[in-house]
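Within every chain, numbering begins at 1; the chains are lettered A, B, ... in the order of the sequence lines, protein sequences first and strands thereafter.
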There are 2 protein chains.
Amino acid sequence: MRLNKLDERIVHALAEDARRSFADIGSEVGLSAPAVKRRVDRLRAEGAITGFTVRVDPAALGWETEGFVEIYCRHKTSPEDIRRGLSRYPEVVSASTVTGDADALVQVFASDMRHFERVLEQIAGEPYVERTKSVLVLSPLLRRFSSGAPG
Amino acid sequence: MRLNKLDERIVHALAEDARRSFADIGSEVGLSAPAVKRRVDRLRAEGAITGFTVRVDPAALGWETEGFVEIYCRHKTSPEDIRRGLSRYPEVVSASTVTGDADALVQVFASDMRHFERVLEQIAGEPYVERTKSVLVLSPLLRRFSSGAPG
DNA sequence: CCTGAAAGTGCGTAGAT
DNA sequence: ATCTACGCACTTTCAGG
């Protein structure tokens, strides 16, 4: 699954504005509208593009408090166990297993500090969780990226 | 900047698939197509919706290596200084100032370990950076969210 | 290139303040 | 009485074949 320069430029254009017309993107990268469409279709079929979504201001949706939680797990906890456990929290927007002392790094959005604390306590109370360590986001500096699947 | 239930449902529908037609969304939430469009326009004008973007599989774009870098800054470094400095790296996809020992937490995507190491060294060499501490992502468990502005 | 569908716009109306 | 949001009808633009 390789992407050439043209594909990258198309993806880049869509990343900035997924509502731009194929013709518009085509005029930028030097292709006709149908040519762009065919490439986008191919990228979707290959899984390089997994969907289209909206960029949202968390505060406008009432998610005023953001933080990262490191999770230290008990022995014999599989990544799948962690994923299943965390997926039940709508406040968890991303999670990955990581190198280093902690087992997983989890990004959490909450409506306020009280809400964040409650989520943190719930996560810390999960059977597979030994302990947690968290930092709060003071101010977001950059957000550029969107990846993965909904759910 | 208030969002009612209807707005939330529209945003949720767009978050799952930003390419759905207004008529389609309208039939789900009980509005006509123009009514949905006007709400989306209003949400964009208010800044609740900051744009439309594409969901991408990092690996398909050649970003096989992901990591989080904690940055410890020299005194008298403003968040804006950090933002400006980091925005020059295409590999940096998100960055926030945080509580705790570190000053900022930065998410980095690189093509491979060599690339990641090079970026890490470059960031560590920035004048405002005292030292860094990084963890590598082993496997992504969840990705749900998209926010913020292109940059 | 051609057709159908969707976006976008003007207007009249109804309900809320 | 005014403001806001709706639906309908219409034109323009785009998607998809």
Side-chain angles (χ1 to χ4, degrees), chain A residues 1-64 111 143-151, chain B residues 1-57 60-61 145-151:
Chain A
M1 198 192 295
R2 287 266 302 288
L3 297 186
N4 60 31
K5 280 288 176 204
L6 227 39
D7 292 327
E8 282 183 22
R9 290 177 67 188
I10 292 172
V11 169
H12 184 255
L14 287 173
E16 282 188 340
D17 180 7
R19 290 232 153 171
R20 286 181 67 182
S21 73
F22 293 143
D24 194 19
I25 296 171
S27 71
E28 183 178 307
V29 304
L31 289 178
S32 71
V36 175
K37 179 204 173 340
R38 276 193 294 270
R39 282 182 180 255
V40 172
D41 286 345
R42 202 197 68 224
L43 291 169
R44 295 201 66 165
E46 289 172 347
I49 292 175
T50 60
F52 297 91
T53 189
V54 63
R55 236 194 303 256
V56 157
D57 175 13
L61 287 169
W63 305 100
E64 306 266 5
S111 54
R143 295 191 200 277
R144 277 174 172 163
F145 192 65
S146 176
S147 74
Chain B
M1 199 191 294
R2 291 260 302 288
L3 295 187
N4 59 29
K5 281 287 176 206
L6 226 41
D7 291 327
E8 281 184 21
R9 289 176 68 188
I10 292 172
V11 169
H12 184 255
L14 286 174
E16 282 187 340
D17 180 7
R19 289 237 154 167
R20 286 181 68 182
S21 73
F22 293 142
D24 194 19
I25 296 171
S27 70
E28 184 178 306
V29 304
L31 287 178
S32 69
V36 175
K37 180 212 179 317
R38 284 178 182 125
R39 279 181 180 257
V40 172
D41 287 345
R42 201 197 68 222
L43 291 169
R44 294 200 65 166
E46 288 172 347
I49 291 177
T50 60
F52 297 92
T53 189
V54 63
R55 239 195 301 258
V56 156
D57 176 12
L61 287 168
F145 191 65
S146 176
S147 76

Handout entry: From CA spacing to verdict: side chain to side chain contact (heavy atoms under 4.5 Å, CB included), A/E28, A/R20
Key = CA-CA 11 Å; A/E28 183 178 307; A/R20 286 181 67 182; 2.9 Å; yes
Atom pairs under 3.5 Å: protein N/O with N/O of nucleotides 3-9 of chain C:
from, atom 1, to, atom 2, distance (Å)
C/dA7, OP1, B/F22, N, 3.3
C/dA7, OP2, B/F22, N, 3.1

Open item on the list: As a quick check of understanding, evaluate side chain to side chain contact (heavy atoms under 4.5 Å, CB included) for B/D57 and A/E46, giving each step before the final call.
Closed with: CA-CA 10 Å; B/D57 176 12; A/E46 289 172 347; over 6 Å; no
| Can you tell me how far P of D/dA15 sits from CG of B/D24, to the nearest Å? |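 After rounding, the reported distance stands at 17 Å.
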- How many angstroms lie between CG in A/L14 and NE2 in A/H12, if you round to the nearest 0.5 Å?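 Between A/L14 CG and A/H12 NE2, I get 10.5 Å after rounding to 0.5 Å.
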When rounded to the nearest 0.5 angstrom, what is the spacing between CZ in B/R39 and CD1 in B/I49?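 Reported value, rounded in 0.5 Å steps: 11.5 Å.
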Does D/dC6 have OP1 or OP2 sitting under 4.0 Å from an N or O in the side chain of B/R39?
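Indeed, a polar side-chain atom of B/R39 lies that close.
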Sorted by chain and residue number, the salt bridge (Lys or Arg N to Asp or Glu O under 4.0 Å) partners of B/D41 (sequence neighbours excluded) come out as B/K37
